[in-house]
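Here's the structure we're looking at; comments come further down.
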Amino acid sequence: MPKIMPALLSVLRCPVTGSALVQEGEELVATAADSSGNKPRYAIEDGIPLLLPPELMAAASTAGSDQHDAASTGISGTDPAAGTA
């Protein structure tokens, strides 16, 4: 389990609550609860904290895989021949 450097952890803040974060295993956890009473949790992947609010994490994962799929297949999302006679 990679530990986040204390200097970095001291400046990171929860994007939902604005509170400090503490590392618990492979996650960072907000020190303050959100409006629903839960403390937001953020994954750490390859030593990099993923500080997206939970409701945006699924959308980011989907967008990332869509972009990867298009890049690996050579599909750019536009058809250069479209609209030509």
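Remember, predicted model here, so these are calculated numbers, not experimental data.
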Name the atoms and distances for all side-chain donor-acceptor pairs under 3.5 Å in residues 4-20, with sequence neighbours left out.
{"residue": "S10", "atom": "OG", "partner": "A7", "partner atom": "O", "Å": "2.7"}
{"residue": "R13", "atom": "NH1", "partner": "S10", "partner atom": "O", "Å": "3.3"}
{"residue": "T17", "atom": "OG1", "partner": "S19", "partner atom": "N", "Å": "3.2"}
{"residue": "T17", "atom": "OG1", "partner": "S19", "partner atom": "OG", "Å": "2.7"}
{"residue": "S19", "atom": "OG", "partner": "T31", "partner atom": "N", "Å": "3.3"}
{"residue": "S19", "atom": "OG", "partner": "A32", "partner atom": "N", "Å": "3.2"}

State the CG-CG distance between L28 and L50, to the nearest 0.5 angstrom.
9.0 Å
Is there a donor-acceptor pair closer than 3.5 Å between any side-chain N or O of D34 and the backbone N or O of S36?
yes
Checking the side chain of E24 only, and the main-chain atoms of E26 only, is there a donor and an acceptor separated by less than 3.5 Å?
no
Hey, mind stepping through L21 and Y42 against side chain to side chain contact (heavy atoms under 4.5 Å, CB included) and telling me if it holds?
CA-CA 9 Å; L21 296 163; Y42 304 94; 4.1 Å; yes
